[in-house]
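Working notes, beginning with the structure itself.
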Amino acid sequence: MPTADILAAARWWLALMVIGAAATPLALVIFGRLPDRGYAFTKMFGLLLVSYLFWITGSLGFIGNNPGGIALALAVVIGASWFAQRRSAISLREWFGAQWRYVLVVEVIFLALFALWVMVRASNPAIIATEKPMEFAFLNSLGRTPTFPPADPWLSGFAVSYYYFGYVMSSLLARLAFVAEPIAFNLSVAWLVAGTGVGAFGVVYNLIAGQGAGAKRVAYVLGVVAAVALPLAGNLTVLLETAHANGIGSAEMWQWLDIQNLNTAPTDSGMGDTGPRFWWWWRSSRVINEQTIAGNSALEPIAEFPGFSFVLGDLHPHVLALPFAFLSIAMALAWYLPSERPTPLKPTGGRPVAAQLVFTALILGGLSFLNTWDVLIHLFVVTGAFALARWRDNGRWTARKLAQSIGFGAVLAVGAFILYLPFYLGFSSQAGAPFILPMINRPTRLPQFLVIFGMPLLIITVLVLTLVIKQKFRAWKTGLAIFCGLLGGLLLLTLLMGWIVASSSTADAVTSLAAELNIPLNPRQGGLLWGLSAIAALTPSLLGARVLTPGVTLLTAGLIAGGIMALSVLFREQNPAERQTQTVSLLPFVLLLIITGALLTLDPEFVYIKDNFGQRMNTVFKFYYQTWVLWGAAALAGLYYLMVRARVVAIVLAILYGVLLVGVMLFPWYGVAARSAEFPFADTLDGLAHVAQNNPNEYEAIVWLRNQADDRSVVLEATGGQYSDFARVSANSGVPTVLGWAGHEYQWRGNTTEPVAREQVINAIYTQPDWAGVPELLDQYGITYIYVGDLERSTYGEDGLQKFSDNLKPVFENDDVTIYVWRGE
């Protein structure tokens, strides 16, 4: 790796250290009830605060999107920390003196993971394929746009309509570290690995460390395991890949398991066997072989997990939000922990409730701006923690406590919305009425579900069973009511949403399903009565599919019911004096994480969020991703509680988990090696190095645009299908183009006519043989530069290109690329 890249990585790490140090005094106050006072989360907390202040003041027009604005935001955070320290009884010198070992462990974990993934990214830094061009386009746009919101790099004249907060953070770090975007992209991935690892360590440590003598030692060990398992480990697919590639198992067994492209007879070819897919490791994120009720193939759900994301190297919002998910869990834990004098308004150590509420809303709103799917999940966790604290206070659940919890959640939701109002005012989405749709495919098969979540479920299921058995099923009536009510309610919701869809003007999914199943329907008339008759005709098939494949539904609903059973008895049995102590059990909070994850995996078996994909693919993706976080932390913390209650069982589980962990670490080992083999050049962090090597003339043109185009420039380039080479000029330079990937614009904006109209204009400009009318089109879209490269020639032909050289001045030219300038003269 070049020395310049190593120094860039060092500056990036130093920038994060500075931001974390700036926020540390404030974090030690806000998270003061946690055993580590929130130290493990100082970097994500500081980055969130600095980025928010930078963005909100820029959005309101007080500062610009420039280094001066970043410096001002950092200075405000330092000032807030100084103020918090002055008003706090905490002595920083004394705290660091007492906790230096913990601080050292946190920093070693962070640095080790960061350095490891810097080397991994250097082995294949290319910003190509999947969503990387889009992500790079956003990052480049934020480095060029003088104000917020940033310009949409793929729809000139429009602002970004997407949750782009993570790219604000990456751009901010790039400028603090004096790192160019092609390198910053890969350093951002490395920081996210380190932030996720140290966040996982912090959550697991804090869930165990305050639980009495000897707990800290266990907390360190399991925290380190979490720092490796949650961000790096694969799911169980890699063990199947290894077995299949080494001829293990019968053809019938693999066919029964039925993971796509892994359901044929095994071979002896080793892990180099890619099968029908180019990337063998891609299968680990597509474990669920989705099928319609009739048994036909359907759009496969995405079951991605952090290790897959980091091996892939994408900088997508669900990855950018990962460290902040752990920050949110830490804040939820702070709300759960008791105060010296418990009151409904001060459940977390007597800190001013207004400040606590503001920072909680800031974190939750930040998650919405980072990856909007996550906000309701973590609002549920935080509100649930508050509710558990109320329940714990006297062991009884009352209507008043329910009202307090609902009010608390509502205040946070409103606060999160207000704090990030400029984002919401400019945000449009593909989501629309009725927002929730029924899941009418076959349910997820339990074996495939266990391939995804088998490791944490091993511990989680045993923990819940152990608790309810030791409690002698005392709350079985509560559990039965929850189990039946949950499944009955979701089933009714599915049928209700199906009725709504069938009664609408677009009931194609219903009629297609009926045709696929050879179920006759009355002639389509529309309306509520026809919709009701259609759903009534389909209901036996829908119910039959669920009866034949009940495993995931029964398991997840059982975990929810068992968790609530255990909670009700735990609080009932708690000694009143314990509620006032510093060592109150955190087992109820662990159960909250388990229940939340179970809800996230149960819901897509019945309903999903409406989007342009028309199936549950994206809902499973977003929900399962957060379940990996919640169950991963809960399983390791739960292992400690099993050690206290069932030591022999815990030892057996620890051994099994350890063996599986060693096995699934083959995923990053083989995966990184496979990814590195795709990049035949010398190690570097430069994400455009592959362009420089493979297409030096285009690289030269892109560098010219990066350096010469100003923030008002618009470049015209060829447009075409998404996940292709189209839009490569705007993505790699950050200069907005008239139209990039149209499919993505539809995802970001919902119904819009802009892509269709612009595609026609671009085609006319490039293909029209004469100059007449072209100037008007160039002016209409504010085009500054016309880019003519190999892709433009192959897409539009040579016939219409001569007019550019006849009428325009080339400002850049080499053997393959010509860039013409148009300024309307």
Side-chain angles (χ1 to χ4, degrees), residues 1 108-126 129-130 186 189-198 200-201 224-249 259 261-262 266-275 277-287 303-314 319 322 451-456 458 628 632 636 655-685:
M1 192 189 314
V108 167
I109 290 172
F110 184 86
L111 180 58
L113 288 173
F114 179 73
L116 172 65
W117 227 253
V118 165
M119 292 186 288
V120 168
R121 291 308 306 147
S123 68
N124 185 351
T130 62
N186 289 302
V189 178
W191 127 247
L192 291 169
V193 173
T196 300
V198 81
F201 170 84
V224 171
V225 172
V228 174
L230 270 64
L232 299 184
N235 58 32
L236 298 180
T237 311
V238 69
L239 300 181
L240 299 176
E241 290 281 356
T242 306
H244 191 274
N246 288 279
I248 299 173
I259 295 174
N261 304 310
L262 204 63
T267 65
D268 290 310
S269 57
M271 289 298 285
D273 179 20
T274 60
R277 294 180 186 267
F278 177 67
W279 293 335
W280 64 263
W281 47 271
W282 185 270
R283 281 191 288 262
S284 63
S285 69
R286 303 298 193 274
V287 174
E304 193 169 326
F305 51 91
F308 174 91
S309 305
F310 295 137
V311 167
L312 179 60
D314 269 7
V319 186
L322 260 177
V451 168
I452 300 169
F453 292 117
M455 281 182 61
L458 176 69
W628 184 277
L636 288 167
I655 294 171
L656 287 173
Y657 186 92
V659 170
L660 288 175
L661 179 58
V662 171
V664 295
M665 287 302 292
L666 291 173
F667 178 80
W669 179 265
Y670 283 131
V672 168
R675 295 286 283 143
S676 298
E678 298 170 17
F679 190 78
F681 311 115
D683 285 357
T684 176
L685 290 172

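Quick caveat: nothing in here was measured; it's all calculated off a predicted structure.
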Legend entry - Spacing of N124 atom CG and D683 atom CG [to the nearest 0.5 Å]: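 Nearest 0.5 Å value for the CG-CG distance: 10.0 Å.
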
Legend entry - Gap separating the CG atom of L656 from the CG atom of L661, nearest 0.5 angstrom: 12.5 Å

Restricting to non-hydrogen atoms, name the atom on [X] and the atom on [Y] that form the minimum distance, rounded to 0.1 Å.
X    : Y    : value
P266 : H244 : CB-O, 3.4 Å
W628 : I452 : CZ3-O, 3.6 Å
F201 : V224 : CD1-N, 3.5 Å

Legend entry - Side-chain touch E678/R675, heavy atoms, less than 4.5 angstrom: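 Yes, side chains in contact.
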
Legend entry - L666 and E241, any side-chain heavy atoms less than 4.5 Å apart: no

Legend entry - side chain to side chain donor-acceptor pair (under 3.5 Å) involving D314 - partner list, sequence neighbours excluded: T130, K132

Inset, instruction - Name all residues meeting the ring-ring contact (aromatic ring centres under 6.0 Å, His included) criterion together with F679; count only those two or more places apart in sequence or in a different chain, and write none if there are none. - result: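 Partners of F679 under the ring-ring contact (aromatic ring centres under 6.0 Å, His included) test: F681.
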
Only distances under 3.5 Å count here; give the side-chain donor-acceptor pairs of residues 304-312 to other protein atoms, sequence neighbours excluded, each with its distance to 0.1 Å.
residue : atom : partner : partner atom : Å
E304    : OE2  : S309    : OG           : 2.5
E304    : OE2  : H318    : NE2          : 3.0
S309    : OG   : F305    : O            : 3.3
S309    : OG   : Y625    : OH           : 2.8

What donor-acceptor contacts under 3.5 angstrom involve side-chain atoms of residues 191-198, with partners at least two apart or in another chain?
residue : atom : partner : partner atom : Å
T196    : OG1  : L192    : O            : 2.7

Inset, instruction - List the steps, then state whether side chain to side chain contact (heavy atoms under 4.5 Å, CB included) holds for L240 with R283. - result: CA-CA 11 Å; L240 299 176; R283 281 191 288 262; over 6 Å; no

Under 3.5 Å, sequence neighbours excluded: what are the donor-acceptor pairs made by side chains of residues 229-239?
residue : atom : partner : partner atom : Å
N235    : OD1  : T237    : N            : 2.9
N235    : OD1  : T237    : OG1          : 2.6
N235    : ND2  : S284    : O            : 2.9

Legend entry - For A674, side-chain contact (heavy atoms from CB on, under 4.5 Å) partners two or more places apart: W280, W281

